[in-house]
Participant: 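Dropping a structure here in structure tokens format, bear with me for questions.
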Amino acid sequence: AQFLQKFNRLTVAERGWDATTQPATFNEEMIFNHAVEAYIEDVRGRQVPMIPGMENTLDKRYPCYKIRLDQEYCGEACEVLIRRPFVIPDALAGRSTQGYIGYHVHKAKLVFLKDYWTWDNEKRRIKEIDAYRQLKQADVCHMPNILYAGYVRAVEGADQSTPTALHGAKGQYPWAH
């Protein structure tokens, strides 16, 4: 009973929900669907390889969400619409990396959004954007053009992360959320 009392007092963000997301409106969902469908038709018309799983993005069993990206990462507040991830991990261990086809509302174009849990250990973590920058500086080919990079902020203002790595045995991966 104490757990339920304490849990009931938590905010949505304190319960682990990402406060930067909200359900998309009907009009936003239609814009997202139209952009993805137009891209798929364009690719089919040009007879080039389709991104594997692209059609899964339109799965109506999944709700459409709007993600607000902080000004800190974009230079201005911006929003991305997403639906079902087209890359979903098939393992219980790891950082729950998911890949989304997103629609950048302000730029009116499709983008790729990668979502994952970060390690809760600053000594073992290099920020992914820093790793990409180092690889680009080393002239590694086929590197993505990064529009924005950052971490979801927790309630306290720090990067949101998972402490599950601290609970496993040494050398084991944390469980996915």
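Throughout, residue positions are numbered sequentially from 1 according to the sequence presented. All values below come from the heavy atoms of this structure, side chains included, with hydrogens, waters and symmetry mates left out. This one's a predicted model, so the numbers in the text were calculated from it and none came from an experiment.
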Participant: Hey, what do you get for NZ (Lys66) to CD (Gln22), rounding to the nearest 0.5 Å?
Facilitator: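 Between atom NZ of Lys66 and atom CD of Gln22 there are 4.5 Å.
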
Participant: Applying side-chain hydrogen bond (donor to acceptor under 3.5 Å, both in side chains), name anything that partners Thr25, two or more places apart in sequence or on another chain.
Facilitator: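 Here the qualifying residues are Glu28.
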
Participant: Is there side-chain contact between Gln98 and Leu113, with heavy atoms separated by less than 4.5 Å?
Facilitator: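 No, every pair of side-chain atoms sits at 4.5 Å or beyond.
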
Participant: Determine whether Val80 and Val111 satisfy the following criterion, side-chain contact (heavy atoms from CB on, under 4.5 Å), listing intermediate values before the conclusion.
Facilitator: CA-CA 8 Å; Val80 176; Val111 295; 4.2 Å; yes

Participant: Determine whether Leu58 and Val43 fall in the same hydrophobic cluster, where Ile, Leu, Val, Met, Phe, Trp and Tyr are linked whenever their side-chain heavy atoms lie under 4.5 Å apart.
Facilitator: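 Leu58 and Val43: one cluster.
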
Participant: Any non-hydrogen side-chain atom of His104 less than 4.5 Å from a side-chain atom of His106?
Facilitator: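 Answer yes - side chains close enough.
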
Participant: Report the residues that fulfil ring-ring contact (aromatic ring centres under 6.0 Å, His included) with Phe26, sequence neighbours left out, ordered by chain and then residue number.
Facilitator: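 Once residues adjacent in sequence are excluded, Phe26 has no partner under the ring-ring contact (aromatic ring centres under 6.0 Å, His included) criterion.
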
Participant: With sequence neighbours left out, write down each residue that passes salt bridge (Lys or Arg N to Asp or Glu O under 4.0 Å) with Lys114, or none if nothing qualifies.
Facilitator: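 Applying salt bridge (Lys or Arg N to Asp or Glu O under 4.0 Å) to Lys114 gives Glu128.
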
Participant: Quick one: does Asn8's side chain get under 4.5 Å of Gln5's, heavy atoms only?
Facilitator: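 When only atoms from C-beta onward are counted, Gln5 and Asn8 do not touch, as no gap falls below 4.5 Å.
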
Participant: For Asn56, enumerate each residue passing the side chain to side chain contact (heavy atoms under 4.5 Å, CB included) test, keeping only those at least two apart in sequence or located in another chain.
Facilitator: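 Result, side chain to side chain contact (heavy atoms under 4.5 Å, CB included) vs Asn56: Arg84.
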
Participant: Who are the side-chain hydrogen bond (donor to acceptor under 3.5 Å, both in side chains) partners of Lys107, not counting sequence neighbours?
Facilitator: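 So Lys107 forms no side-chain hydrogen bond (donor to acceptor under 3.5 Å, both in side chains) with any residue.
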
Participant: Any idea which heavy atoms bring Gly53 and Phe86 closest together, and the distance?
Facilitator: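 The answer is O-CB, 3.2 Å.
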
Participant: Is there a side-chain contact between Tyr65 and Tyr100, using heavy atoms and a 4.5 Å cut-off?
Facilitator: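 With C-beta onward as the side chain, the pair stays apart.
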
Participant: Assess whether side-chain contact (heavy atoms from CB on, under 4.5 Å) is satisfied between Ile82 and Thr57, documenting all intermediate values.
Facilitator: CA-CA 8 Å; Ile82 62 166; Thr57 300; over 6 Å; no

Participant: Which pairs with one or both residues in residues 32-44 pass salt bridge (charged side-chain N to carboxylate O under 4.0 Å, His left out), sequence neighbours excluded?
Facilitator: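 For residues 32-44, and leaving out neighbouring residues, the salt bridge (charged side-chain N to carboxylate O under 4.0 Å, His left out) pairs sorted by first residue read Glu41-Arg44, Asp42-Arg46, Arg44-Glu55.
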
Participant: Looking at residues at least two apart in the chain, or sitting in another chain, which of them share a side-chain hydrogen bond (donor to acceptor under 3.5 Å, both in side chains) with Glu29?
Facilitator: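 side-chain hydrogen bond (donor to acceptor under 3.5 Å, both in side chains) list for Glu29, sorted by chain: Arg83.
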
Participant: Sequence neighbours excluded, which residues qualify as side chain to side chain contact (heavy atoms under 4.5 Å, CB included) partners of His34?
Facilitator: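 Listed in chain order: nothing, the list is empty.
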
Participant: Would you mind reporting whether Leu81 and Ile67 have side-chain heavy atoms less than 4.5 Å apart?
Facilitator: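 With C-beta onward as the side chain, the pair stays apart.
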
Participant: Quick one: list whatever passes side chain to side chain contact (heavy atoms under 4.5 Å, CB included) with Leu110, sequence neighbours left out.
Facilitator: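 For Leu110, the residues satisfying side chain to side chain contact (heavy atoms under 4.5 Å, CB included) (neighbours in sequence not counted) are Ala35, Val36, Tyr39, Met54, Ile101, Tyr103.
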
Participant: In terms of hydrophobic clustering (I, L, V, M, F, W, Y; side-chain heavy atoms under 4.5 Å; direct or indirect links), are Met50 and Phe32 co-clustered?
Facilitator: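 Yes.
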
